[in-house]
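In what follows, chains carry the letters A, B, and so on, assigned in the order in which the sequence lines appear, proteins first and then strands, with residues in each chain numbered from 1.
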There are 2 protein chains.
Amino acid sequence: MQAFCTICTDKPWRRPRVARSRARWEVVYDDLRTQIDQGKLNPGDRVPTEIDLASQYGFSRATIRSALARLEQDGLITAGAGSLGRQVRRRELVSWNLTRFELGAYSDDPTNRVDQWESDAQAEGWSTRQVVAGVTELAAPDEVARYLDCAPGTRLIRRRRLRYVSRQGIPEQLAMIADTWTPVDIARMEIDGVAPLLQETNVVYPGGIYRALGFRQVHYKDEIQVRMPTPDEAALLDVQPGTPVGQHARVGIDSTGRRVRVLVSTFAGDRQLLRYELDVPERRPTQAEEE
Amino acid sequence: MQAFCTICTDKPWRRPRVARSRARWEVVYDDLRTQIDQGKLNPGDRVPTEIDLASQYGFSRATIRSALARLEQDGLITAGAGSLGRQVRRRELVSWNLTRFELGAYSDDPTNRVDQWESDAQAEGWSTRQVVAGVTELAAPDEVARYLDCAPGTRLIRRRRLRYVSRQGIPEQLAMIADTWTPVDIARMEIDGVAPLLQETNVVYPGGIYRALGFRQVHYKDEIQVRMPTPDEAALLDVQPGTPVGQHARVGIDSTGRRVRVLVSTFAGDRQLLRYELDVPERRPTQAEEE
DNA sequence: ACGGATTTGTGCGTATGTATA
DNA sequence: CTATACATACGCACAAATCCG
């Protein structure tokens, strides 16, 4: 019943400031963490087994597990039963430049053969593939409603694409879930008798689908959040529990000010990184727009 | 000795595909997660105690703790000994617009009274405060060296600022760690006999410190990553274990192409969000720059 | 300022199931 | 199939943090 902080409700548990022997699990945690940070344990290396560590430190297996659980939560190691064991995690990031409009008009739908995300990933040596994983009419979740400035629950079309990367014989990995949300009336618009936004396959139009439908997106509002994945996302992205995800939302606004669509991209923090490149205006460009 | 995936070394543990009774902890986890998702448990609400849940489900306390640990890891609840107990977590995000250069030239150092971050936070009703928490000469970590395109280990000056937010009687929270890394020769440059970048206090120059030193940053390269905090960051930001952080790096490049500085901002995912607003060029603006 | 009540944190032991090589 | 190593689950005890009287 008392007033808690509205940013974070917690006062997290913290070790007392007075000098006190560290918790046992923390000794193990610190030791392993140091070995990883200092490169004595490298990505891909096996971490000693729980039993080894237990006998080595003289602690119980449960205590060792606490330390390992924390390392896993920190994204430093992975776990797998059997002979997989625990390993020091790799972190290889595919980057995505969100301000490179040069290569043909930017669009979320492939205009050339590849879109901007694929182009960036390929430039770093990744093979890419993307598939449309469903076009569905759904009630707008609160967040999407906020992006499109409509009432929560409004019917929208969600077009989900899954973006995979792979490299030299390495099994393909899902790098990103890309959901495009569009108002129903726009999604139903047709060109030559077909509604491209409702196609279950990867539709390609020169200049992008929205442009072909008559919308020129002149302004983008991007928003980036950091959070833990929902169970659905964790399953789709196939990430370990404890891997954070980034969420990038791009709202496209046309010349009349209408919010034409929002592209919500969710990606695992250990696989993807975002880039922006900005030219700084000389002075104050127009002094205009201040919301 | 076998080839593991180079993106993520793991094959995460997964429940067998065959229909099998869920793990006990998972039953509890799903129940509580559903209650939170459906709003039966709201942010700030107390979660039933471990003992209550144990007797309610007829499971051991350790099993209940596994479920609660997972919820905590997912960022959904917080924990604290004693009468704090566990609560459903709040998530209130301060937003930061990284493309609003209009209000006076953008700079990481306050040019007017407030910089862009403070201006954004204040527009949302937060009170802000920032302090310089140290100016130190350090060897460039690998990542910073990459940003500044110098050799790892190069001596650099790190100027650390801590950015706090608070609201109506709510205790102040650290929202962001903002580290500006500058080559030593630039950091030592003086104006009227003093080197502003070495000042331990919040120095204010109209147009920004770098501009006053003669550098006009004409181009920014931004990079955004998502990861788990280091123990240091977790302690500084005072976040629960399991809270992800975002890392925003902005490299400032002057008209000669020199990388003048990099501002590395680390923030807790449950407190901060990033925004960009972009105008889409009509065609292909110059066709130039392609790295 | 102190002490008690509550609730989570740490730690031990043991046992069995299950995925992987 | 077997060995390995992690996952799940139980029980118990005590320490530590917070709040309130």
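In this structure, the CG atom of A:Leu68 is 14 Å from the P atom of D:dA5, given to the nearest Å. In this structure, B:Ile64 places its CD1 atom 14 Å from P of C:dG9, rounding to the nearest Å. Rounded to an integer number of Å, the gap from CZ of A:Arg46 to P of C:dT20 is 13 Å. Taking atom CG on B:Leu84 and atom P on D:dA17, their separation rounds to 12 Å, with Å as the unit. As rounded to whole Å, 10 Å separates atom P of D:dC19 from atom CD of B:Gln87. When rounded to the nearest whole Å, the span between CZ of A:Arg24 and C1' of C:dC12 equals 9 Å. Between the CD atom of A:Glu26 and the P atom of D:dA16 there is a distance of 14 Å, given to the nearest Å.
With hydrogens and angles ignored, a donor-acceptor pair closer than 3.5 Å exists between the side chain of B:Arg61 and the base of C:dG9.
Along DNA chain C, the nucleotide nearest A:Phe59 and the nucleotide nearest B:Val47 are compared for position; the residue whose nucleotide lies closer to the 5' end is B:Val47. Nearest-nucleotide mapping onto DNA chain D: of B:Ser66 and A:Ile51, the residue sitting toward the 5' end is A:Ile51.
For A:Ser60, taking side-chain heavy atoms from C-beta onward, the closest of the listed nucleotides D:dT18, C:dC12, D:dA5 is C:dC12. Of the candidate nucleotides D:dC6, C:dC12, C:dT7, D:dC6 has the atom lying nearest to any side-chain atom of A:Ala79. Closest to the A:Trp25 side chain, of the nucleotides D:dA7, D:dA9, C:dG11, is C:dG11. Between D:dA7, C:dC12, D:dA17, one nucleotide has an atom nearer to the side chain of B:Ala81 than all others, and that is D:dA17.
The pair A:Glu124-A:Arg167 fails the salt-bridge criterion, with no side-chain N (NZ, NE, NH1 or NH2) lying under 4.0 Å from an Asp/Glu carboxylate O. Ion pair A:Asp37/A:Arg33 flagged as a salt bridge, since at least one NZ, NE, NH1 or NH2 atom sits closer than 4.0 Å to an Asp/Glu carboxylate oxygen. A salt bridge between B:Arg160 and B:Asp179 is present, with a side-chain N of the basic residue lying under 4.0 Å from a carboxylate O of the acidic one.
Nucleic acid contact for B:Arg65: base, since at least one base atom lies under 4.0 Å from a heavy atom of the residue. Within 4.0 Å of A:Arg86, counting heavy atoms only, lie sugar-phosphate atoms of the nucleic acid but no base atom.
In this structure, B:Arg163 satisfies the cation-pi test against B:Trp96, with its NZ or CZ atom closer than 6.0 Å to the six-membered ring centre and inside 45 degrees of the ring normal.
Here the options are A:Thr63, A:Asp31, A:Asp52, the test is side-chain hydrogen bond (donor to acceptor under 3.5 Å, both in side chains), and the partner is A:Tyr57; only A:Asp31 passes.
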